[in-house]
Amino acid sequence: MRATAIAQPNIALIKYWGKRDSDRNLPAVGSLSVTLGSIGTRTTVEFDAALDSDRVHINEQEVESVDRRVEKCLDRFREKAAIAHKAVVTTANDFPTGAGLASSASGFAALVVAADRALDLNLGEDELVDIARTGSGSAPRSLYGGFVLLENDSDDGIRCGSVLGPETWPWSIIIAVTSEAPKKVSSTDGMELSRTTSPYFSRWVETHDADLRAAVASIEDRDFEKLGELAERNCLKMHAVAMTSRPPLLYWSGATLECAQNIRELRKSGVPVFFSIDAGPQLKAFCLPDNSEEVRDSLESVPGVLRVISSELGEGARIVE
Ligand code: DP6
């Protein structure tokens, strides 16, 4: 009743920000992401009849109170297997946890894949997507590799799958880490605040589908420039919604903005590159492999950048043990 899985974080090019149903964690908008190849989460799940409660260890430390979302995910597996066994979940990230590097996405993706195997359930992809989504709205995207689309479906749920595998259109992703500290306002709280207080939230939702469709079309056409333009603007739209929430959410630091300007300058000088920023101060730059060294060097030179992580596109979540 034990299995280990690895999942990689993903970064959205067209963002998920806001829920249409907070209790069921259903997103207000679809999203499009790339799965990373070089950093990841490794999670072991072991169900054990002798335990009286679920236990979670993150990065070698037992957490005091287990996240309700983890228990909810485990409950779904217990229901499917018709058992009451509690579980020990041991998880480790090889990158900063909770700092806007999508640790919840890779964490929940690894958890569902490992739990499914630990109980030998062999659930279908749709069920794994649905359980991962109850943990974190961005987690289903880490079940898949390459370019991944998550959409609301007509049955009041979501569907998720790969648009293009990681080998078909190789990219480089360069992450400028400007802080290793956990973010002050979680994505979950931030997007709820935006939904209830930002005057721009309804326009964000109304205009989102057009961004998503255009981005999928530019992946199909392998149009890097067009996709970059769409993604950078969509990211800034998301932050405009966050910044106009009450109280305003400002996820950037001075170094984040310096990095953004650096990428724009680089693009002006002829390098095809664009950036995205999530609910934390790290900046993610996207380019083609031929330009990755140049982009890396450029971000490394920005004051306030602590370190730079480079990645290619990666695979979806998978069992390793
Ligand atoms: C800014 O998936 O962490 O990274 O569903 O509440 O767990 P919950 O939110 P989460 O939100 C991710 C928000 C984002 C944009 C994105 O990844 O699409």
Side-chain angles (χ1 to χ4, degrees), residues 7-36 41 67-73 93 95-112 129-144 147-152 157-158 160 173 175 182-196 198 201 204-205 208-209 211-212 215 230-243 245 249-252 256 275-284 286 317:
Q8 252 105 20
N10 67 74
I11 299 170
L13 303 176
I14 302 295
K15 305 289 186 194
Y16 151 47
W17 193 252
K19 300 174 200 271
R20 67 179 195 273
D21 182 336
S22 311
D23 291 340
R24 293 165 59 212
N25 205 32
L26 285 165
V29 291
S31 50
L32 177 77
S33 59
V34 290
T35 303
L36 302 185
T41 302
D67 190 328
R68 186 66 202 112
R69 297 176 304 168
V70 172
E71 284 173 338
K72 269 194 185 166
C73 278
N93 294 323
F95 58 94
T97 302
L101 285 178
S103 53
S104 68
S106 52
F108 280 105
L111 175 76
V112 300
V129 161
D130 196 55
I131 302 176
R133 186 263 305 158
T134 60
S136 199
S138 53
R141 301 187 316 231
S142 278
L143 293 172
Y144 298 92
F147 296 81
V148 180
L149 176 65
L150 187 154
E151 288 180 287
N152 286 325
I158 58 158
C160 186
I173 298 100
I175 302 169
K183 58 194 163 207
K184 294 196 184 85
V185 181
S186 70
S187 308
T188 311
D189 294 344
M191 58 178 85
E192 202 46 19
L193 191 68
S194 292
R195 185 181 69 79
T196 51
S198 170
F201 186 77
W204 159 254
V205 175
H208 199 274
D209 210 45
D211 286 1
L212 204 57
L230 283 159
E232 208 171 279
R233 181 154 177 271
N234 183 270
C235 157
L236 294 173
K237 270 165 79 177
M238 181 200 109
H239 284 277
V241 173
M243 284 176 197
S245 304
L249 294 162
L250 195 48
Y251 285 110
W252 307 352
T256 318
F275 69 81
S276 193
I277 306 161
D278 291 298
Q282 333 299 0
L283 178 130
K284 291 103 183 195
F286 303 83

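Note that this is a predicted model, so its numbers are computed, not measured. Positions are given from 1, in the same order as the sequence printed here. We count ligands from 1, going down the list as the structure has it; atoms in each ligand are counted the same way.
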Using a strict 4.0 Å cut-off to heavy atoms of [X], name the atoms of ligand 1 that fall inside it.
{"X": "Trp17", "answer": "1 (C)"}
{"X": "Ala12", "answer": "16 (C), 17 (O), 18 (O)"}
{"X": "Thr188", "answer": "6 (O), 7 (O), 8 (P)"}
{"X": "Arg69", "answer": "7 (O)"}

- line: Asn10 and Ser142 have their tightest heavy-atom pair at ND2-OG, 2.9 Å
field: Considering all heavy atoms, the nearest Trp17-Gly190 contact
entry: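 Shortest heavy-atom contact: CZ2-C, 3.5 Å.
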Nearest-contact summary for [atom] - protein heavy atom, Å:
{"atom": "atom 4 (O) of ligand 1", "answer": "Asp278 OD1, 3.4 Å"}
{"atom": "atom 11 (O) of ligand 1", "answer": "Met191 CE, 3.4 Å"}
{"atom": "atom 7 (O) of ligand 1", "answer": "Ser136 OG, 2.7 Å"}
{"atom": "atom 18 (O) of ligand 1", "answer": "Tyr16 N, 2.9 Å"}
{"atom": "atom 17 (O) of ligand 1", "answer": "Arg141 NH2, 2.8 Å"}
{"atom": "atom 8 (P) of ligand 1", "answer": "Lys19 NZ, 3.4 Å"}

Side chain, backbone, both or neither: which part of [X] has a heavy atom under 4.0 Å from ligand 1?
{"X": "Ser187", "answer": "side chain"}
{"X": "Ser104", "answer": "side chain"}
{"X": "Asn25", "answer": "side chain"}

I'd like to know if the side chain of [X] and the backbone of [Y] have a donor-acceptor N/O pair within less than 3.5 Å.
{"X": "Ser194", "Y": "Ser245", "value": "no"}
{"X": "Ser136", "Y": "Ala139", "value": "no"}
{"X": "Trp204", "Y": "Gly18", "value": "no"}

- request: Flag the pair Asp278 and Lys284 as a salt bridge only when some basic side-chain nitrogen lies within less than 4.0 angstrom of an acidic carboxylate oxygen.
  value: yes
task: For the pair His239 and Tyr251, name the ring-plane relationship: parallel under 30°, tilted 30 to 60°, perpendicular over 60°.
output: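 Perpendicular, since the angle between the ring planes exceeds 60°.
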message: Quick one, Arg133 and Arg24 - any side-chain contact, counting heavy atoms below 4.5 Å?
response: yes
message: Under 3.5 Å, is there a donor on one side chain and an acceptor on the other for Asn25 and Arg69?
response: no
- prompt: Given Gly137, Pro27, Pro140, which one has a non-hydrogen atom that is nearest to atom 5 (O) of ligand 1?
  reply: Gly137
From OG (Ser138) to CD1 (Ile11), nearest 0.5 Å: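 Result: 11.0 Å between the selected atoms.
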- prompt: Looking at ligand 1, does any of its N/O atoms fall within less than 3.5 Å of an N/O of Ser138?
  reply: yes
